[in-house]
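Counting starts at 1 for both ligands and their atoms, following the listed order. These numbers come from a predicted model, not from an experiment. Here, residue 1 is the first one in the sequence, and each next residue gets the next number.
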Amino acid sequence: MSSYDVAVLAGDGIGPEVTNEAFKVVDAAASAFGFSIKKSVLDLGTERWLKTGDIFPDADFNAVKDHQAIFLGAIGDPRAPVGLIEYGIIAKLRFDLDLYINLRPIKLYDERLCPLKGKGPKDIDMLIIRENTEDAYAGMHGFVHKGQPLEVATQTMVYTREGVERAIRYAFEACRARNGKKNVTLIDKANAVRAQDIWTRVFAEVATEYPDITTDHAYIDAACMWMVKNPEWFDVAVTPNLFGDIITDLGAMLQGGMGIAASGNLHPGQVSLFEPIHGSAPKHAGKNVASPVAGIMAGAMMLDFLGEKKASVAIESSVADLLRSGKLKGVGTADHVCSEGGDMVVEEVRAAVAKA
Ligand code: IPM
Ligand code: MG
């Protein structure tokens, strides 16, 4: 029986609740499909920092590295200075484990969940590939004359040939592998951020190796418009880190909200991290009202990455069926609580396996 080692960082706010539901489902799928998940739970996040001053000690980081996958619930808490925990945990994992792809599928499962008029599941099914280690996130920033009238603040957008190329290549490969329109769109702002000319050039070069795939280009401002106006135009899109951060929140709304959207921070072939796109939502924490769907879908992405494709598909289709039938609301509502969401999906996965 295959067994996988997963590090679990439940994190802040609603993180622990949604992580709990995600693993109810992941564990149920594991026993239904005959594999097991060995979890190591790590206490990292704002609570620990408040208590001990530790953000991500080396011993914890080394322990995390030794797993096949990492699951992160959510981090961030207004009691900590802006960015301290985010950079200390999520950015550290992304940079120090070189998780260079942020894979963010945007798929609408039921028309009811979409805020756009007249758009349904056949119109919204795209994969956003967000470069995950460079750009304005590279951490190269500074201040001089801080607090003075002459203060200068800078933040450098960094693009390396290798970083750009591996993200673009991943996008073409993902496009080839998926059953879509066989189109990759480059989203950038090369008309204003001239350094992004490197994206234009590398994209054109890599595209020549994929004659079976058509290409498109949109500046980020226009891409925001097209995603709302004609989301059906998008199949796979690849974009620098910061634009990818922004446009995937927009994408999450198209598929029903932050309670649904999941992501994988990947280094293919190495330990990779899976998380819901949503934040820690401190005001909803501990009330059992958060939607567990994004966490559960992040669990499904993790199983796919670990090679348990059947289990991953079973979870995804169970969630899709429950959303379509309206039993699972998908958005945080008082209609059902977080823990019932996990139970529903577990039941659905078991029933599907029993029928097969
Ligand atoms: C995300 C988040 C993070 C980001 C924050 C928490 C630093 O918004 O994963 O999309 O900006 O990448
Ligand atoms: Mg974000």
Open item on the list: For ligand 1 and Arg94, I'd like to know whether there is a polar contact (N/O to N/O, distance under 3.5 Å).
Closed with: yes

Task: ligand 1-proximal atoms of Arg104, by part, heavy-atom distance under 4.0 Å - done: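 The answer is the side chain.
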
Task: Region of Tyr87 that comes within reach of ligand 1 [heavy atoms, distance under 4.0 Å] - done: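 For Tyr87, no heavy atom sits under 4.0 Å from ligand 1.
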
Task: For the Mg ion (ligand 2), the closest N/O/S atom belonging to Asp245 - done: OD1

Hey, are [X] and [Y] close enough for a salt bridge, meaning a charged N less than 4.0 Å from a carboxylate O?
X      : Y      : answer
Arg178 : Asp125 : yes
Arg176 : Glu209 : no
Arg161 : Glu165 : yes
Lys51  : Asp43  : no
Asp216 : Lys181 : no
Lys24  : Glu347 : no

- [ ] With ring-ring contact (aromatic ring centres under 6.0 Å, His included) as the test, would you mind laying out the steps for Tyr170 and Tyr100 before giving the verdict?
- [x] CA-CA 10 Å; Tyr170 185 94; Tyr100 62 90; 7.3 Å; no

TODO: Would you mind listing which atoms of ligand 1 come within a distance below 4.0 Å of any non-hydrogen atom of Arg130?
DONE: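 This gives 1 (C), 4 (C), 9 (O), 10 (O), 11 (O), 12 (O) as the contact atoms.
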
Task: Shortest protein contact, atom 11 (O) of ligand 1 (heavy atom only) - done: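 Of the protein heavy atoms, Tyr137 OH, 2.6 Å lies nearest.
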
Task: Identity and separation of the nearest protein heavy atom to atom 2 (C) of ligand 1 - done: Asp245 OD1, 3.9 Å

TODO: Could you establish whether Ile277 and ligand 1 come within less than 4.0 Å of each other, counting only heavy atoms on the residue side?
DONE: no

Task: Contact bool for atom 6 (C) of ligand 1 (protein heavy atom, d < 4.0 Å) - done: yes

